[in-house]
Every structure is written in C-alpha cells, then in structure tokens.
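See below for the structure under consideration.
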2 protein chains.
Amino acid sequence: MARKKSQTESNTEAAETARRAPMRDFSRSLPMSLLRAREAVMRQFRPSLRNHGLTEQQWRILRALTTVDAIEVTELARVAFLLGPSLSRILRDLEARQLIERRTAKADLRRAVVSISAKGLKLIEAVAPTSEAIYAEITSRYGARKLAELQDMLGVLERSLVAMEVAGEESGEIEE
Amino acid sequence: MARKKSQTESNTEAAETARRAPMRDFSRSLPMSLLRAREAVMRQFRPSLRNHGLTEQQWRILRALTTVDAIEVTELARVAFLLGPSLSRILRDLEARQLIERRTAKADLRRAVVSISAKGLKLIEAVAPTSEAIYAEITSRYGARKLAELQDMLGVLERSLVAMEVAGEESGEIEE
DNA sequence: CAATATCACTTAACATGTTAATCATATTCC
DNA sequence: GGAATATGATTAACATGTTAAGTGATATTG
C-alpha cells in the first residue's frame with residue numbers, strides 16, 4: 001500500500017511532492033479506470049441532454065421505451081440498468097411531465113406497464129440528432145474497430161464477474 | 001433492433017417477447033457498457049466495505065490519503081475523482097468520525113489540508129486484505145494481461161475525449 | 001379456503017452526483 | 001491602498017444510488 005513517510009516530516013514538502021507525482025497506483029485501479037472513462041464519455045452528452053431538460057437516466061428510460069410498444073417496470077429497470085427505487089421516482093416525474101404513460105396490467109394488478117407518449121417521442125426525436133452526432137464523433141476519434149473491441153472486453157469482464165459470488169461477509173456477521 | 005410484434009397483439013405477449021430479446025442495440029451503447037462493467041466490479045467490493053461502515057467514495061478518499069502525508073482539498077478531489085461538493089460533505093463526516101484530520105494552510109487561509117488519522121489508518125488496514133483478495137480474484141478470472149490491456153484502452157479513450165470540446169457550445173459562446 | 005409466503009412495486013432514509021450560488025480570502029489593477 | 005476580480009471551499013437545491021421497510025396483490029400450502 002505505498003510506503004508512508006517515516007519520521008519527523010515537514011508537511012509543506014510532502015504536499016509539494018504529492019502535487020508532482022500523486023498516487024499513480026491508486027488512480028490506476030480498475031474501478032477508477034472505468035469511472036473516469038465513463039465520465040469522459042458522459043461529459044460529452046450531458047450538456048445536450050440538459051438543454052432539453054433531461055438527465056442521463058431520464059434519457060436512458062425514454063430511449064429504451066422507443067424500442068418497445070410497452071414494457072413492465074421491472075423489465076424496464078433491467079434494461080435501463082436502474083434500481084427499482086430510482087426508476088420509481090423517475091417514472092413518477094416523467095409521467096407528471098406527460099412524457100410517458102402508465103397503466104396497470106389487467107391480468108396482474110401488481111404489475112405496471114409503461115410506454116412512451118407522443119410528447120415523449122417528440123422530445124427523443126429532438127435530442128437524437130445531437131446525441132448521434134456526439135456518438136459518431138467519439139467513434140471517429142477512438143476508432144470504430146477499437147471501440148467494438150473495447151466493448152467486447154467490457155462484456156467479457158462483466159460476464160466473468162457474474163459467477164464470482166460476493167466475497168464480502170468474511171468476519172462473521174451471520175445473524176439476521 | 002429486435003423485430004417487433006406485427007399485427008394484432010396482446011400486450012401480455014409483447015411483454016413476453018421483450019423479456020426474451022430486449023433492446024440489444026440500446027444496451028450495447030458505450031456508456032451502458034462502461035456502466036455495467038463498473039457495476040459488476042463494484043458489486044464485488046461493496047459488501048466488504050459496508051461491513052466496515054464505509055461507502056465506496058469514503059474508501060477512495062481514505063485510500064488516497066494513505067499514499068500522502070497531507071493533501072489539499074482540491075487536489076484530493078482531483079485524485080479521488082470526486083466533485084467538490086461531494087468531497088466537502090464526505091470530509092465533514094469523516095472528520096466527525098475522526099478518521100481524518102483537517103487544518104488550514106498557514107500561507108493561504110482559503111486552503112484546507114487533509115490527512116488520515118491513526119484511527120483511519122487502522123480502518124484501512126482492516127479493510128485492505130479483503131479488498132486486495134477481491135482484486136486478485138478479479139485479475140485472476142479476467143486475466144492479468146487482458147486487464148492491463150483493458151485499462152490501457154480505457155486510458156486512451158479518456159485521453160482521446162479530453163480534447164473533444166463539449167458539444168452545445170461550439171467554441172463560440174465565449175463568456176457568460 | 002385461510003394462513004402464509006412471494007412478488008411487483010413504492011416509500012423511506014441516507015449518501016452521493018450535479019449545477020448554481022455563497023463566503024471568505026487572495027490577487028490584480030487602477 | 002482599495003475597488004474589482006479571481007480562487008478555494010462550502011452550502012443549497014434537486015436528482016439519483018443504495019439498502020431496508022412498507023403495501024397491496026398473487027401464489028402456495030396446509
């Protein structure tokens with residue numbers, strides 16, 4: 001875990017040292033690499049979405065809804081990769097803004113079925129050109145082939161971790 | 001785009017169709033690939049961190065602090081890849097839990113300098129073995145070489161987007 | 001068929017992400 | 001030197017991430 005300073009230290013000097021060569025190892029961890037890469041990508045999209053009054057997650061949901069006639073909430077959560085509570089809140093807001101429509105399944109009153117509204121479709125169509133242009137620019141800068149390869153590798157990584165059971169509960173907190 | 005149902009459809013059937021082959025294209029976008037990969041990785045670490053009363057971000061901060069004697073808040077934000085407001089809140093909490101120490105720079109009263117406390121170091125040392133074991137397991141499953149290659153590609157992606165000015169303000173919009 | 005478990009959300013509570021505004025100190029420029 | 005401006009950090013406000021608990025509907029079981 002990177003050697004620490006040893007004895008009597010001057011903090012000013014240490015701060016200067018840190019400014020010059022700061023924590024190479026730490027910032028190279030896999031989670032950090034993924035986080036920074038994703039942030040670099042999303043930084044490109046956010047301003048455009050914001051101009052249309054949409055957050056990243058709201059856009060994910062509307063975008064997903066354009067590819068189906070209707071979909072149940074749980075399935076939508078899976079596809080848009082959102083947790084239930086987040087999705088619940090966002091759907092409430094999108095429904096209030098009349099960008100989506102929601103109704104209850106007749107066969108099972110527990111289930112709600114969601115679909116995009118005409119207004120929602122119009123909004124998506126307004127945003128899509130810019131988004132696609134940005135995506136094309138990213139692809140062009142990074143290289144289409146390399147991009148496909150990267151996504152393959154990410155998919156493999158994801159699948160190789162699915163089987164890996166969560167290792168967390170080492171120290172016995174068995175109760176409950 | 002996954003063929004849609006054709007004519008007279010019962011919504012139940014449509015939902016079933018979506019369950020089987022849902023939105024391949026959408027879930028293959030780069031942001032989604034990165035998000036899912038990162039989530040797959042973090043899912044391994046979160047339970048262990050949680051057992052020690054730490055969130056992912058709190059751990060990032062403490063971990064970063066172990067590699068320096070002291071560091072200014074802005075620099076810490078850069079290294080731990082957190083926005084100022086998030087860091088501000090987290091530092092307040094970590095300070096209240098006496099896991100870090102904070103003091104004001106003598107030369108510039110605006111700047112705060114943060115360092116990890118003995119208690120914080122002890123906590124990190126308690127978490128580190130499990131974290132390192134998980135990281136080793138991930139590396140082993142995915143392959144060390146492949147992992148290094150993936151991180152290289154992520155770094156290249158990140159750097160190739162830095163130059164890409166944010167769309168929506170085509171370098172025109174100078175001030176205000 | 002009634003008690004119970006399970007399921008599909010939804011709410012609650014707290015932590016962080018994100019942008020804008022604020023506050024105090026530093027720096028610049030006249 | 002002092003007003004204008006810039007900078008470091010925090011606070012505010014709102015949206016989402018995350019886990020736990022709640023609610024109503026459906027499935028299971030005895």
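Per chain, numbering begins at 1; letters A, B, ... match sequence-line order.
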Item to check | Nucleotide D:dT18, atom P - distance to CD of B:Gln44 in whole Å | outcome: 14 Å
Next on the checklist: Using whole Å, what does the distance between atom P of nucleotide C:dT16 and atom CD of A:Gln57 come to?
Outcome noted: 17 Å
Next on the checklist: Does D:dG17 have OP1 or OP2 under 4.0 Å away from a side-chain N or O of A:Ser86?
Outcome noted: yes
Item to check | Polar side chain donor-acceptor pair, B:Arg36 to B:Ser33, under 3.5 angstrom | outcome: no
Checklist entry - Hey, does B:Leu87 reach any base, or is it just sugar-phosphate, or nothing, if we go heavy atoms under 4.0 Å? => result nothing
Next on the checklist: Under a 3.5 Å distance rule, please check whether A:Lys146 uses its side chain to pair with a backbone N or O of B:Leu157 as donor and acceptor.
Outcome noted: no
Checklist entry - Can you tell me how far P of C:dG17 sits from CD of B:Glu39, to the nearest Å? => result 14 Å
Next on the checklist: Can you see if the side chain of A:Arg102 gets near the phosphate of C:dT10 - specifically, an N or O under 4.0 Å from OP1 or OP2?
Outcome noted: yes
Next on the checklist: Quick check: on DNA chain D, is the nucleotide nearest A:Gly84 upstream (toward 5') of the one nearest B:Pro85, or the reverse? Name the residue that is more 5'.
Outcome noted: B:Pro85
Checklist entry - Hey, is the side chain of A:Arg110 poking within less than 4.0 Å of OP1 or OP2 on D:dG24, counting only N and O atoms? => result no
Checklist entry - Taking N and O atoms by type only, does the side chain of B:Arg89 place a donor or acceptor under 3.5 Å from a partner on the base of C:dG17? => result yes
Checklist entry - What do you reckon, is CD of B:Gln98 surrounded by more than 12 foreign heavy atoms closer than 6.0 Å? => result no
Next on the checklist: Without decimals, in angstroms, what is the distance between A:Glu75 CD and C:dC7 P?
Outcome noted: 17 Å
Item to check | Gap between atoms CG and P, on A:Leu49 and D:dA15 respectively (whole Å) | outcome: 15 Å
Next on the checklist: Expressed as a whole number of angstroms, how long is the span from B:Met42:CE to D:dT18:C1'?
Outcome noted: 12 Å
Checklist entry - With a 3.5 Å cut-off and no angle check, do the side chains of B:Glu101 and B:Ser117 form a donor-acceptor pair? => result no
Next on the checklist: It should be established whether A:Ser88 places a side-chain nitrogen or oxygen under 4.0 Å from OP1 or OP2 of nucleotide C:dT10.
Outcome noted: yes
Next on the checklist: Looking only at the side chain of A:Glu72 (C-beta and beyond, no hydrogens), which of the listed nucleotides C:dC9, C:dA12, C:dA15 gets closest?
Outcome noted: C:dC9
Item to check | Check ion pair B:Glu125-B:Lys122 (N to O, under 4.0 angstrom) | outcome: no
Checklist entry - Can you check the B:Leu82 CG to D:dG17 P distance for me, whole Å? => result 16 Å
Item to check | Atom pair distance, as rounded to whole Å: CZ in B:Arg50 and C1' in C:dA15 | outcome: 11 Å
Item to check | Residue met sooner reading DNA chain C from 5', once A:Arg92 and A:Asp108 are mapped to nucleotides | outcome: A:Asp108
Item to check | Sugar-phosphate, base or nothing in reach of B:Thr55, heavy atoms under 4.0 Å | outcome: sugar-phosphate
Checklist entry - So, is A:Arg111 close to the C:dC9 phosphate, meaning a side-chain N or O under 4.0 Å from OP1 or OP2? => result no
